[in-house]
Amino acid sequence: MFRQMLYGMHTKNAYIQLKAEGFHFLYRGILPPLCQKTISVSIMFGMYNHYQQVLNSMVPQWNTHLKNSTAAAAAGLTEAVLAPFERVQMLLQDNHFNQRFRNTAHAFAELRQYGFREYYRGLTPILLRNSVSNALFFTLREEISHRMPSQDHWTGKLLSDFCCGAMVGAFISTVFYPVNVVKSHMQCTVGGPFNSLWKASRIVYEERERSLRKMFFGVHINYTRALISWGIINASYEMLRNLLTKPPH
């Protein structure tokens with residue numbers, strides 16, 4: 001998916017490229033997303049609940065949808081502190097840097113010479129994606145969950161929560177796929193000027209021969225992954241919340 005996002009190539013060509021590089025590079029860059037995902041999902045749900053409580057006490061006159069959307073957007077902005085993990089992941093997955101960066105620690109150390117700002121290259125699309133997608137996720141999640149058939153057994157509830165998270169996650173990740181494409185291009189640069197989101201978008205759009213369809217190369221892999229991952233995340237969250245908040249007998 002990353003190769004298709006970065007180079008605008010078809011799935012078959014991306015597979016051939018990865019195969020030629022060898023199995024050794026297949027899991028290159030796996031540490032940053034492992035570290036980031038664990039923390040970011042915790043921040044996403046934890047800070048969402050925290051900001052809800054803050055807004056309920058500070059602006060009780062706001063309607064529920066506005067408070068929830070604001071809390072979700074704020075949680076997404078908070079997640080952006082983890083942007084350096086995404087930054088390093090992009091560099092390690094780009095085959096142009098296979099020989100330059102040995103591993104995650106080496107990439108972090110090498111970026112230090114360019115200044116602290118270099119760790120946050122591509123921050124603008126991350127802020128845009130996180131804030132708006134979080135607001136959509138929690139809003140749509142509540143709406144869909146209220147419309148799902150009520151379940152008496154825990155297995156039915158688990159499946160219902162999985163389907164709810166899968167549908168919402170796949171939809172949102174597909175909508176924001178071009179933003180991630182632009183972010184990847186911005187982050188696969190070391191040193192040099194920092195392009196604005198608008199300028200980077202224009203450059204990528206021109207590289208894709210002004211084709212909106214080519215901006216979505218790799219999206220089928222993206223929404224397949226999102227279907228599974230966000231289904232698991234949502235179902236796990238609801239299950240753990242019910243277990244942890246269940247009153248003692």
Side-chain angles (χ1 to χ4, degrees), residues 1-7 29-48 50-51 69-94 96-97 100-101 104-138 169 172-208 215-216 218-219 222 226 229-230:
M1 182 186 72
F2 171 76
R3 298 296 172 91
Q4 292 182 267
M5 290 173 70
L6 190 61
Y7 304 123
I30 193 173
L31 184 59
L34 282 176
C35 297
Q36 182 206 9
K37 199 66 177 177
T38 305
I39 305 170
S40 67
V41 173
S42 301
I43 292 175
M44 177 182 175
F45 286 96
M47 295 307 295
Y48 171 65
H50 171 70
Y51 289 132
S69 296
T70 304
L77 293 175
T78 307
E79 283 182 73
V81 299
L82 302 174
F85 286 107
E86 280 193 64
R87 167 77 164 124
V88 170
Q89 180 191 355
M90 293 298 107
L91 293 176
L92 292 175
Q93 288 182 332
D94 187 352
H96 290 115
F97 297 106
R100 182 170 179 180
F101 301 119
T104 300
H106 185 238
F108 269 108
E110 286 294 302
L111 288 179
R112 191 184 308 145
Q113 63 183 294
Y114 297 96
F116 182 77
R117 191 184 176 198
E118 192 69 33
Y119 290 107
Y120 283 89
R121 187 182 285 270
L123 180 62
T124 305
I126 290 175
L127 291 172
L128 173 64
R129 179 199 65 193
N130 285 7
S131 58
V132 182
S133 65
N134 266 23
L136 284 172
F137 178 82
F138 284 105
I172 294 173
S173 66
T174 300
V175 170
F176 282 89
Y177 190 78
V179 177
N180 279 325
V181 170
V182 175
K183 176 193 72 77
S184 298
H185 277 258
M186 293 173 74
Q187 291 186 325
C188 283
T189 301
V190 178
F194 284 72
N195 290 330
S196 66
L197 176 59
W198 173 248
K199 184 177 180 180
S201 299
R202 270 194 327 182
I203 292 172
V204 175
Y205 187 59
E206 292 291 338
E207 288 178 353
R208 301 292 169 93
M215 294 291 289
F216 283 89
V219 72
N222 181 68
S229 63
W230 282 107

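No experiment lies behind these values; they were computed from the predicted model shown.
Residues Leu127 and Ala80 share a closest heavy-atom pair of CD2-CB, 3.5 Å. When all heavy atoms are compared, the tightest approach of Ala107 to Leu92 is CB-CD2, 4.4 Å. When all heavy atoms of Ala75 and Ile43 are compared, the closest pair comes out as O-CG2, 4.1 Å. Nearest heavy atoms, Pro32 versus Val88: CG-CG1, 4.1 Å.
Proximity of a side-chain donor or acceptor of Asn222 to a complementary backbone N or O of Ser173 within less than 3.5 Å is detected.
In this pair, Phe138 and Tyr48 present their aromatic rings parallel. The plane angle is below 30°, not in the 30 to 60° band.
Here the straight-line distance linking atom OG of Ser69 with atom CZ of Phe137 works out to 13.5 Å at 0.5 Å rounding. Taken from CE in Met90 to SG in Cys188, the straight-line distance is 6.5 Å, to the nearest 0.5 Å. Thr104 OG1 to Gln89 CD: the interatomic distance, rounded to the nearest 0.5 Å, is 9.0 Å. Distance check: Leu91 CG to Phe108 CZ gives 9.5 Å after rounding to the nearest 0.5 Å. If you take NE2 on His50 and OG1 on Thr78, they are separated by 8.5 Å, rounding to the nearest 0.5 Å. Here the OH atom belonging to Tyr120 is positioned 7.5 Å from the CG atom belonging to Leu82, to the nearest 0.5 angstrom.
Side-chain contact check for Ile126 versus Gln187: some heavy-atom pair is nearer than 4.5 Å. Annotation: side chain of Tyr51 is not in contact with side chain of Leu77 (no heavy-atom distance under 4.5 Å).
Within the structure, every pair that satisfies the salt bridge (Lys or Arg N to Asp or Glu O under 4.0 Å) test and touches residues 182-196, not counting sequence neighbours, is listed here: Glu86-Lys183. Within the structure, every pair that satisfies the salt bridge (Lys or Arg N to Asp or Glu O under 4.0 Å) test and touches residues 116-125, not counting sequence neighbours, is listed here: Arg87-Glu118, Glu118-Arg121. Applying the salt bridge (Lys or Arg N to Asp or Glu O under 4.0 Å) test to every pair with at least one member in residues 29-48, sequence neighbours left out, gives no pairs at all.
Listed by chain and residue number, Val219, Tyr223 satisfy the side-chain contact (heavy atoms from CB on, under 4.5 Å) test with Thr174 (two or more places apart in sequence, or in another chain). By the side-chain contact (heavy atoms from CB on, under 4.5 Å) test, Leu34 pairs with Ile30, sequence neighbours left out.
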Worked verdict on Trp230 versus Ile172 for side-chain contact (heavy atoms from CB on, under 4.5 Å):
CA-CA 10 Å; Trp230 282 107; Ile172 294 173; over 6 Å; no

Enumerate, atom names and distances included, each donor-acceptor pair closer than 3.5 Å involving a side-chain atom of residues 190-203, sequence neighbours excluded.
from   : atom 1 : to     : atom 2 : distance (Å)
Ser196 : OG     : Lys199 : N      : 3.1
Ser201 : OG     : Leu197 : O      : 2.7

